Amino acid sequence: MYHYVREPEEWKGSVPISPKAFEEQINQLSKTHEFVLPDDLNKKTSKPKCILTFDDATKDQYEIAFDIMKRKGIPGYFTVMSGPLVEKEVPVFHLVHAALSLVEEEYLWDELRLQLTPKDLHNLDLANKTYAYEQSQLRRYIKYTLNFILDSKQSKNFLEKMVYSHFGSKQKFIDYMYINIEEFQKMKQAGMTLGVHCVHHTPFDGRAEEYYKNEIAPCAKFIQEQFDIKPAWYTPPFGGGEKKMLMMENLKDRLLSEGYKGAFTTDSGIIDDTSSFWFNRFDCNKIFTGDSIGLALENVQ
Ligand SMILES: [Zn+2]
């Protein structure tokens, strides 16, 4: 499971894998595994199979990951988030990543704290628990405030001004940030599988029919219209989020009835049953660190 494939120094809001580390991973994996597309999960291969999956359709996946894979003749599965391309709507978490990459933490926090009430400030303690993985105290506060204290409209308002003014306009940011239609077309021509990620990157809220109608069907329609593909693979945002179990239960039949063959979660592990609908993945950043690489590959086999 890959997200950003770009230099961590230039993109600080999240945890990208560097182009060099990405290439090393796939070189390593190709010694022990055969890379396949999701449609080839049941293909007979002499080595265990591996599917490279990409979430969020950020530009680096086209410019870096796809470029490397194309040169090496390696197939992969890329997912589409249609909101930014169709409605020009950027999800809050991407604006957070951009703001943290472009603006100094101190400045960001000075501006942000002005939006908070004394009660909000008191509640900031919770940020340390939620974002324990972040080393910097300020980053914990910033992320917690934007994702949990302010509502999405307030966060968007604050972040859009900051991020779009840096790029000159919203459209310029979208052009910088996301794979565009022509680029997806080239990926399709090169044999990559395109699947559905979402429209707005909203987590599953428990209402399967509504969710299908709002977050899945419009993205599938976009893929069908633009690339002449009826998508058969799905990757839920945030792996389904807090209501993951409900999602797995309630969304499966709807997706099956629309012709989907399977979906990729963020649960960690190998795929031991290719006839199941929800598939495990390995996070590229968690599995290949130091000693765990040997162990991980042993487990995969
Ligand atoms: Zn995502």
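Quick caveat: nothing in here was measured; it's all calculated off a predicted structure. Each ligand, and each atom within it, is numbered from 1 in the order the structure gives.
Between His201 and His94, the two ring planes are tilted [angle within 30° to 60°]. Ring-plane geometry between Phe222 and Phe227 is classed as perpendicular, the angle between the planes exceeding 60 degrees on a 0 to 90 degree scale with a lower cut at 30.
Residues Leu246 and Phe204 approach most closely at C-CE2, 3.9 Å, considering heavy atoms. Across every non-hydrogen atom of Arg6 and Pro16, the tightest pair is O-CB, 3.3 Å.
When only modelled atom types and interatomic distance are considered, Gln137 and Asn128 share a side-chain donor-acceptor pair under 3.5 Å. Judged by distance alone, the side chains of Thr53 and Arg281 do bring a donor and an acceptor atom under 3.5 Å apart.
With a cut-off of 2.8 Å, the protein N/O/S atoms near the Zn ion (ligand 1) add up to 3.
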